[in-house]
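Worksheet: the structure to be examined is printed underneath.
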There are 2 protein chains.
Amino acid sequence: MNIGDVASRSGLPAKTIRYYEDIGLIKPHRSANGYRCFAESDLHKLAFLCRARALGFTIEDCRTLMGLYEDESRASADVKQLAQEHLAKIEGKIADLQAMRDTLGVLIKGCAGDSRPDCPILKDLSGER
Amino acid sequence: MNIGDVASRSGLPAKTIRYYEDIGLIKPHRSANGYRCFAESDLHKLAFLCRARALGFTIEDCRTLMGLYEDESRASADVKQLAQEHLAKIEGKIADLQAMRDTLGVLIKGCAGDSRPDCPILKDLSGER
DNA sequence: CTTGACCTTCCCCTGACTGGAACCCTCATA
DNA sequence: TATGAGGGTTCCAGTCAGGGGAAGGTCAAG
């Protein structure tokens with residue numbers, strides 16, 4: 001398969017696939033004309049990466065996960081720990097964003113949103129209370 | 001004030017303050033020795049920026065917000081609209097992260113987390129069902 | 001033979017900083 | 001007077017995960 005084929009079948013842009021080769025996540029062969037030549041196993045890896053990235057794992061996490069996936073003698077505890085640490089980070093981000101949302105919601109609610117200049121949003125940002 | 005003073009009083013690292021000058025958000029004067037020389041109004045702006053960034057506004061949003069803050073004839077509707085657009089983005093991010101959290105939570109729950117290799121997390125990532 | 005779709009490498013760009021090197025300024029102390 | 005600590009300055013490079021686009025090679029169809 002050429003890169004366009006694996007791109008459409010894996011759901012990843014060709015640019016991203018080249019980048020993943022660059023950083024050593026996949027190692028496709030080359031045809032005589034210099035084109036990358038992807039095996040089914042490469043496609044499988046790319047789909048794996050696509051799903052892991054969609055779950056928010058970093059590239060380095062993905063590298064580790066692929067290593068665990070290919071290691072027949074892995075312990076599921078190692079995978080679970082990685083996933084739990086990632087989950088904790090996601091929950092931290094959610095909490096941060098929710099705090100922003102709550103503050104912003106209050107400010108927006110208090111703002112008339114008309115043609116007058118008086119605005120509690122700017123008042124808050126400027127430190128007035 | 002020197003940069004160290006405004007850094008501790010505004011809550012922003014000195015590096016960040018230099019960066020904000022670089023991109024034109026603030027324009028401190030210079031002393032004879034070449035040091036940046038900050039007025040109270042600069043400190044006020046930096047604190048404004050610090051709070052706006054903490055609410056997740058982008059630098060470009062902050063630039064707009066500062067402009068509105070300094071424009072005595074602004075309409076609060078303009079501020080409100082910016083804030084509402086930002087709120088919508090935050091809510092989108094929260095929804096994305098919650099979806100990740102939920103999926104990840106299910107996978108983690110199903111993983112024994114012991115020394116055996118069998119792992120539903122890897123199974124899911126690899127596309128098996 | 002040409003056209004258009006595909007592929008290649010290469011380099012720069014993103015946001016919002018952060019780290020570090022190399023150097024300058026000021027003040028207190030030995 | 002030398003020196004050392006603790007400010008400050010500029011500039012360069014790196015972060016993360018790719019995206020955009022240029023310049024050029026390859027291939028199948030008409």
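In what follows, every chain begins at residue 1, and chains take the letters A, B, ... in the order their sequences are listed.
- Listed by first then second residue, pairs satisfying ring pair (Phe, Tyr, Trp, His ring centres under 6.0 Å) with a partner in residues 110-129 of chain A number zero, not counting sequence neighbours.
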Query raised in the report: How does each nucleotide of nucleotides 12-17 of chain C score, in 5' to 3' order, for protein heavy atoms under 4.0 Å: base (B), sugar-phosphate only (S), or none (-)?
Result: ----BB

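- Within the 4.5 Å cutoff, the side chain of B/Ile59 has heavy atoms near those of the B/Tyr20 side chain.
- Straight-line distance from the CG atom of B/Asp22 to the P atom of C/dT18: 14 Å, rounded to whole Å.
- Regarding B/Asn33, its CG atom lies at a distance of 20 Å from the P atom of C/dC23, rounded to whole Å.
- Counting heavy atoms from C-beta outward, A/Gln98 and B/Gln98 have side chains that approach closer than 4.5 Å.
- Atom pair A/Asp61:CG and D/dA17:C1' shows a separation of 14 Å (rounding to whole Å applied).
- Here C/dC25 presents its P atom at 14 Å from CG of B/Asn2, a figure rounded to the nearest Å.
- The residues A/Lys27 and A/Glu21 are annotated as not salt-bridged, no charged nitrogen and carboxylate oxygen being separated by less than 4.0 angstrom.
- At D/dA17, none of the side-chain N or O atoms of A/Arg63 fall inside 4.0 Å of OP1 or OP2 (strictly under the cut-off).
- One finds no side-chain N or O of A/Arg36 lying less than 4.0 angstrom from the OP1 or OP2 phosphate oxygen of D/dT26.
- B/Ile3 comes within 4.0 angstrom of the backbone, heavy atoms only, and of no base.
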